[in-house]
Amino acid sequence: MKPELEEILPQVSKPTRYLGMEWNVIKKDHRQIAVSFALAFPDVYEVGMSHLGSKILYHIINKREDAVAERVFAPWTDMEAKLREISFPLFGLETGTPLADFDMIGFSLQYELTYTNVLNMLSLGNIPPSQAKRGPGDPFVIAGGPCAFNPEPLADFLDLVVLGEGEEVIGELLTLLKDWKEEGSGNRREFLLAAAQIPGVYVPSFYRIDYGDDGLVLNVEPLVAGIPRRVEKRVVADLNEADYPTAPIVPYMDVVHDRAMIELFRGCVRGCRFCQAGMIYRPVRERSLEKNLALTKELLQSTGYPELSLTSLSSSDYSRIRELIGHLKAHYGEGGLRMSLPSLRVDSFSVNLARETEGLRKSSLTLAPEAGSQRLRNVINKNISEDDIQEAVNSAVAGGWDAFKLYFMIGLPTEKDEDIVEIARMAEGLVKTRTPKGNRGVRRVTVSIANFVPKPHTPFQWVSQVGAEELLRRQELIRGRIKDRRVIITGHHPDSSLLEGIFSRGDRRLGKLLLAAWRLGCRLDGWREHFRWDKWQEALTLTGIDPAFYNRRQRSPEEVLPWDHLSPGLDKGFLWQEYERALAGEITPDCSFSSCSQCGVCPTLELPIRLRGGDDNFPKIMGPVD
Amino acid sequence: MIIFQKLWAQLIKGPEVRFISHLDLLRAMEKALRRAGLPLSFTRGYNPRPRISFASALPVGMTSCGEYVEFIPKNPHQPEEFKEQLNKQLPTGLKIVAIKEVAYAAPALMALINLARYKISFRLPPEIKARVFLATWRDFYQQEEVKVCRQTKKGMRTFNLISHVHDQRVYLEGDNTALAYIDLHLGSRGNIRPGELLQAFWDFAGYEGCQPVIQRKGLFILQDDCLLSPLKIEF
Ligand code: SF4
């Protein structure tokens, strides 16, 4: 460790964040390596170290003999102050290599409120934030992740963007980078031109955006011949063939998800209309039971984790979930392995799975009905009934849970007061649940109310967000209806949701807003203690940007959206049709169990349409667990 | 009834892991044991915990060449083999250097160990003369009482730092680097940290040196004025 770090680490909170010597860490000598890549996560260590995508890329890049990947996270404010005080540049955790010495820096964009951290990390690494100002010696700054499907607010700062799953693209990019370095011209444009030929790669500076007098996007025009008009995302066709990190880094400190993770499948086709992940990660691709078991074995052996998380967007939808749990219990139950199933569907089948896996009922059980009334659940295509919810809770109470966390959203399209008060009614009803014998009941129901933020590439990408005062009024409406002391309501601040709303559907003109806010001191905006709405308002005034144009405006179906040229494979027509069905309160069934709802993804990506209803796996999940 | 084995081990915590907290260290050890295929037995009750315990928590930022850990494995092992297998799975900076089987009925390590030896090195401000510093040091330790207030679970409490000091010695090395060896009592009366003792000294002296490097040299059993190493006692 560098002596400067030895000196400052005792003076900052949680120094473990900055050490980079955890179990399974990979350190390489940069002098022996052709290309170096900094996996930059624009949030603190505990958050970044819980992210599966980053673990996958770390593993894939470091597997190559000619490449090295190191991690870098956003420092907490006390560490930032120290680094600036002694002019010590931000560094890769593994070897302490300064950020500016890497060939490429890749940011994972998970959440709009981390954008100022991107600028801050570049600045701490002495890298010009504006891509136009970067020269021959500077690294390429790239990004991926869900927010990369509308990276326009960051367009000024990114050299290129990767759409979709990175497993294959990253290798292609590194090979290209290596060749470009060897060739030695140092001409950045040459590299970007070649990179733009790789499917899934978007180079923002190669496109011109024309705006009308009304401020709307008129046209997005490629500036260079041979550059695609529309960039399609990349997907891994067969998860069984995909590389998986079976020896991930084991952090010392308690990170957000401190457990071994198995990714059961990718994608989710339940079709919830508010959910961006459900839209952009289509179609569903499962990893086989055998493969999942083999990966688990290696993973537990190499990490020593006592807990395994069976992750995906909706884990109880894995077609062989019961067999998987049965096998895992048979193999590892004796050794005290705990299992957890995040993102549970709201029904008794899922709760019964949780009953089988989670030995202890220490924590509360989380369920997400999302909306209070059946009408509104139909609008958002959350296809669960009040009976499903009650049965889920009955089953959980019988299984020993006495505390529940219920997730709802407010500010959803077509939402009326009648829908909102249903949230209170449902919570008051569920808290009265008792076992048939009456010997057990519910101790606490925590109702978490999030503010809905419309996201690009979803059926709600056209709608206006609900304003701050109205959101607060709706929160209060729920609070006012709660009589039972065992029901606790937690709400979110509308100001950060509205800021998220500006950037989620923003365009390139927001680059100057980001820069202004960051210069005023905004960073770690996702952390309430650092969120400075006053500074953001100052930045809006300084740049003359009208936030309502971005978050409080209903778009017309003809409007060219700033992200229309970036494609997760969905037909815009499908999204509009889903929007119309939403307004009519019509549901659209899950395409993997009934029929293809023709979202466009499978044909666009040239993937076979796989419906699980006819699959021979299907009957097996009905059988008993061994 | 199953008779469990009880193992005591001496562990080094090197500079690489000096910022790892006590709780994180405990969790790292548990994972290493799982990787090594050396399962521990668990406590009984509502919230079963693996049976591993440290004699004394090492403050964050310190290295140590003598921490002591007690293991109660699920199955009996040849102690040297246990040590070898575990060492292969320990992260850089952690190493078991000695191990020994003791009778299951032996008292808890935590109850036996009552003294910690620290080595503290720091630089003095350039304007402070060696003679002056050594005299102030002597005066400080000749006091009957050095009181500090500390927030504890039971509210504000006053400690007399000096009464926790068993022995101390200071040397000067080259130009104004001081090296102090301090033996502190551990146990029922509440532990004090060498850092706070040093801070009290700076307050007394009226000047302040550089950030110290503190190493725990070892933990001992003080018996009839003799210092015994925990692994040297027969149980
Ligand atoms: S194309 Fe059809 S089968 Fe494929 S993801 Fe879309 S709706 Fe489902």
Side-chain angles (χ1 to χ4, degrees), chain A residues 1-27 45-46 79 82 93-94 96 247-255 258-260 297-308 332 334-338 359-363 400, chain B residues 13-52 59-63 73-75 85-94 121-123 193 195 198-199 210-214:
Chain A
M1 196 187 291
K2 303 229 168 91
E4 294 95 325
L5 273 183
E6 290 270 0
E7 187 76 26
I8 56 179
L9 284 183
Q11 304 170 48
V12 301
S13 58
K14 304 193 180 174
T16 319
R17 285 168 172 160
Y18 315 105
L19 298 180
M21 25 58 64
E22 307 92 328
W23 182 254
N24 282 339
V25 75
I26 299 169
K27 297 187 190 218
Y45 179 92
E46 302 91 290
M79 182 65 169
K82 286 283 167 205
L93 288 186
E94 277 71 6
I249 292 174
V250 183
Y252 279 103
M253 69 187 291
D254 200 3
V255 299
D258 193 22
R259 50 189 83 101
K297 187 169 177 214
E298 282 180 56
L299 200 52
L300 295 177
Q301 176 56 50
S302 72
T303 60
Y305 270 121
E307 188 175 350
L308 176 71
Y332 306 106
E334 178 81 349
L337 179 74
R338 298 190 300 275
L360 279 171
R361 309 278 186 266
K362 281 187 293 192
S363 55
Chain B
K13 191 180 179 195
E16 301 89 340
V17 285
R18 73 185 177 108
F19 293 110
I20 308 301
S21 74
H22 181 65
L23 204 67
D24 291 345
L25 178 65
L26 203 63
R27 295 172 338 121
M29 292 291 291
E30 284 172 35
K31 287 179 194 131
L33 286 157
R34 289 186 79 97
R35 291 194 293 267
L38 302 168
L40 292 175
S41 76
F42 275 72
T43 59
R44 284 202 261 166
Y46 182 68
N47 188 6
R49 296 285 316 146
R51 295 170 78 186
I52 171 175
V60 175
M62 262 183 230
T63 59
K74 192 169 169 189
N75 314 304
Q85 283 175 39
L86 181 52
N87 272 340
K88 279 189 207 139
Q89 297 296 331
L90 284 179
T92 332
L94 291 176
S121 63
F122 50 87
R123 274 208 314 280
R193 292 173 177 213
L198 190 63
Q199 191 55 52
C210 264
Q211 198 160 334
V213 174
I214 309 180

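Every chain is numbered from 1 and lettered A, B, ... according to where its sequence line falls, protein lines coming before strand lines.
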Point to revise | Part of Leu90(B) lying under 4.5 Å from any heavy atom of chain A | key: backbone
Review point. Checking Val25(A) against chain B: side chain, backbone, both or neither under 4.5 Å from a heavy atom?
Key: neither
Exercise for review: Among Glu30(B), Arg27(B), Gln211(B), single out the residue with the greatest number of heavy-atom pairs under 4.5 Å to chain A.
Suggested key: Arg27(B)
Review point. By a 4.5 Å heavy-atom criterion (distance strictly below it), what part of Leu9(A) contacts chain B: side chain, backbone, both, or neither?
Key: both
Check your understanding: What pair of heavy atoms forms the shortest contact from Thr303(A) to Leu299(A), and how long is it?
Key -> OG1-O, 2.8 Å
Study note, to complete from the structure: If one checks every heavy atom of Asn24(A) against chain B at 4.5 Å, the contacting part turns out to be neither
Point to revise | Side chain proximity check, Leu19(A) to Leu93(A), heavy atoms < 4.5 angstrom | key: no
Review point. Any side-chain heavy atom of Thr16(A) within less than 4.5 Å of one from Ser21(B)?
Key: no
Review point. Counting only heavy atoms not in Arg123(B), do more than 12 fall under 6.0 Å of its CZ?
Key: no
Review point. Would one find more than 12 heavy atoms of other residues, nucleotides or ligands at under 6.0 Å from atom CZ of Arg193(B)?
Key: no
Practice item. Please flag which part of Glu7(A) lies under 4.5 Å from any non-hydrogen atom of chain B: side chain, backbone, both or neither. Key: both
